[in-house]
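Data block below; observations after.
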Amino acid sequence: MEDGQPCFNSEDEAFMREALALAHEAGSLGEVPVGALVVCAGKIVGRGFNQPILRQDPTAHAEVMALRDAGLALANYRMPGTTLYVTLEPCLMCSGAIFHARVGRIVFGARDPKTGVAGSVLDVYQNERLNHHAMISGGLLADECGGLLSSFFAARRSRTLIG
């Protein structure tokens, strides 16, 4: 970080664009458009997008799905040295999974003022009592990530008012 601002590189942006593509997939299926991926040594090892409605599973958030996929690919439930890219600031549940997986770095797009725990509602990543600390950077492609969510919810509200 420089001057308190996160530093992102072209690789970070390329991976976040992949996560955005997954978010679009979620949105096209009627799910809240959030996408995530896990990267190890510059290679995508896990992909996920929100699908709690499709799976009838409240834990099927994008981050959890990407971690599950990565665990299978890496044949390990621990993922030190990996980076998780997600289009929306992680919630408490997803952060718990991220902590247990020992993800080394998290890069997120838009802040979540309602459930985000990387500084918006809480900041669990700064809690010194927790036994694992990932490096976390937010705001990468935040306008695109946030715009996708805003459009999704505006369309949903419009359908509710019309129907």
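Below, each value reflects all heavy atoms present in this structure, side chains not excepted, and no hydrogens, waters or symmetry copies.
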Next on the checklist: One pair to check against salt bridge (Lys or Arg N to Asp or Glu O under 4.0 Å): Arg17 and Asp12. What are the steps and the verdict?
Outcome noted: CA-CA 9 Å; Arg17 291 205 180 281; Asp12 290 331; over 6 Å; no
Item to check | Apart from Ile53 itself, residues in the same hydrophobic cluster as defined by side-chain heavy atoms under 4.5 Å | outcome: none
Checklist entry - By the rule that ILVMFWY residues connect when side-chain heavy atoms come within less than 4.5 angstrom, directly or transitively, which residues belong alongside Leu37? => result Phe8, Phe15, Met16, Leu20, Leu22, Leu29, Val39, Ile44, Phe49, Leu54, Tyr85, Val107, Leu140, Leu141, Leu148
Same cluster (ILVMFWY, side-chain, under 4.5 Å), [X] and [Y]:
| X | Y | answer |
| --- | --- | --- |
| Ile136 | Val64 | no |
| Val121 | Met93 | no |
| Leu84 | Met135 | no |
| Val38 | Ile106 | yes |
| Phe99 | Leu92 | yes |

Considering all heavy atoms, the nearest [X]-[Y] contact:
| X | Y | value |
| --- | --- | --- |
| Arg102 | Asn131 | NH2-ND2, 3.3 Å |
| Asn50 | Ala62 | OD1-N, 2.8 Å |
| Ala60 | Arg55 | CB-CD, 4.0 Å |

Item to check | Worked check of side chain to side chain donor-acceptor pair (under 3.5 Å) between Thr59 and Arg68 | outcome: CA-CA 11 Å; Thr59 69; Arg68 288 175 182 167; 3.0 Å; yes
Checklist entry - Partners of Phe152 by ring pair (Phe, Tyr, Trp, His ring centres under 6.0 Å), sequence neighbours excluded? => result none
